[in-house]
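What follows is a single structure, written as structure tokens, with notes after it.
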Amino acid sequence: MPELPEVEVVRRGVQRWAAGRRIESVQIHDVRSLRRFAEGPEAFIAQLTGQVLSVPQRRGKFLWIPLQSQSNALMIHLGMSGQVLIEHDDAPEEKHLKVTLQLSEAHDDDGAALPSQLRFIDQRIFGGMQLSELRSDPGHSGLVRSGASVSPDLVRSGPELPGSARLIPAAAAHIGPDPLEPVVDAEWFFRALRRRRTGLKRALLDQTLISGVGNIYADEALWAARLHYARRSETITRAEAARLLEGLVQVMEAALAAGGTSFDALYVNVNGASGYFDRSLHAYDQAGRECTRCAAKQATDELDARRSPGVIVREKFMGRSSYLCPVCQPTPRNGRW
DNA sequence: AGATAGTCCTGTGGGC
DNA sequence: TGCCCACAGGACTATC
């Protein structure tokens, strides 16, 4: 399930392999992947063909590639099962191949031909591609902290200069900043949560409040911060908000360093390799396992000997699974529901 | 404005 | 073996 770190892995891959290259042709294998593009598949092909891909950008789980000399961008959302692969023309067609962009030829330093197809693959079709006008970002917050270095040999238009107004596709203008953007600090997060009257996990998953957090990292961050998913956002303390944000940033940066989270072949980077962050999960999908923090406390005799270490449980919340340690993340009391 | 339900999808796996 | 159904979830819309 691609969340922010996985999308960032894809963004870096697209930057490395496709930025600066021209789109020679476009092939739509399944129009359902263009469902969100109101102008239709013919307009999609017409507007994209001949355009040059600029440096890919990302906010939360939304990825977009500005088109050089154009005021719009190719927007990509991976949804539940989307993949972007850069492959050679003769690679066999994937079962769930949806869109193929044929790119202009390019060569590496040794003169070997780079793969020339950018393929969008999506099994469940919750993701998709569209074209969207770029506008100045109302929630402009500067550069993405985790922004990768640019390869000048491949990219003709450089990254945005610090302090320049950031542009964002209209179709993604409604989402909030993500945890890796500099504007999101402990005080900002505290105030954002306090403004809402809802449960913490609901707030984390609300992309208009903070973007990029999905079910996996929400559970991991709540576990890291020792907070229950139903804790009321309007009663959060500064210390709790700071813990939760720290949990989010740490789990996302660790996942990014590991190349993303993958449970199966649904998520891979642009070269087809899976990340391995799933080995590092503490809560999500860990039902029945002893809580690692409780176990560590017990090992150092910090835990009351009469209490047994927590076992991760799965609960239904918001129509989806939530995993938590009942010992570390107790049900809220004192009217703080 | 917050919460909920419905929609879009397909592969998987449990139950019978 | 094979059929059916529940389940998985991100974003968006409609409705209360």
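For the numbers below, each heavy atom of this structure counts, side chains included, while hydrogens, waters and symmetry mates do not. First the proteins, then the strands, lettered A, B, ... as listed; each starts at 1.
- Going from atom CG of A:D219 over to atom P of C:dG9 covers 9 Å, rounded to whole Å.
- Straight-line distance from the NE2 atom of A:H174 to the C1' atom of C:dC12: 8 Å, rounded to whole Å.
- Between the CG atom of A:L63 and the P atom of C:dG10 there is a distance of 17 Å, rounded to whole Å.
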Mark up nucleotides 2-11 of chain B, 5' to 3', with B wherever a protein heavy atom is under 4.0 angstrom from a base atom, S wherever such an atom reaches only the sugar-phosphate, and - elsewhere.
-> SSS---BBBS
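- For the side chain to side chain donor-acceptor pair (under 3.5 Å) test, residues two or more places apart in sequence or in another chain that qualify with A:R314 are A:S321.
- Rounded to a whole Å, the CZ atom of A:F317 is 18 Å from the C1' atom of C:dA8.
- Looking only at atom types and distance, the side chain of A:R21 has a donor-acceptor partner in the side chain of A:S116 under 3.5 Å away.
- Atoms CG (A:L205) and C1' (C:dG9) sit 11 Å apart, rounded to a whole Å.
- Atom-to-atom distance recorded for A:L114:CG and A:S104:OG is 10.0 Å, nearest 0.5 angstrom.
- Classification of A:D122 and A:R32 as a salt-bridged pair fails, no side-chain N sitting under 4.0 Å from a carboxylate O.
- The interatomic distance linking A:N215 (CG) with C:dC7 (P) rounds to 15 Å, in whole Å.
- Spacing between atom OH of A:Y323 and atom P of C:dC7 amounts to 13 Å, rounded to whole angstrom units.
- Ion pairing between a basic and an acidic side chain is recognised when a charged N comes within 4.0 Å of a carboxylate O; A:E246 and A:R243 show no such pairing.
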For A:D178 and A:K61, what are the C-alpha separation, side-chain angles and deciding distance, and is it a salt bridge (charged side-chain N to carboxylate O under 4.0 Å, His left out)?
-> CA-CA 9 Å; A:D178 68 50; A:K61 296 175 239 181; over 6 Å; no
From CA spacing to verdict: side chain to side chain contact (heavy atoms under 4.5 Å, CB included), A:L248, A:F189 | CA-CA 11 Å; A:L248 279 174; A:F189 194 46; 4.2 Å; yes
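- Checked by atom type, the side-chain pair A:N215/A:E3 shows no donor-acceptor distance below 3.5 Å.
- At the phosphate of C:dG10, neither OP1 nor OP2 sits under 4.0 Å from any side-chain N or O atom of A:Y217.
- The interatomic distance linking A:E315 (CD) with C:dC7 (C1') rounds to 18 Å, in whole Å.
- Residues A:I168 and A:F62 have side chains not in contact (no heavy-atom distance under 4.5 Å, counting atoms from C-beta outward).
- Overall bending of the helix from B:dG2-C:dC16 to B:dC16-C:dG2, expressed as the angle between end axes built from five pairs apiece, is 50° (10° steps).
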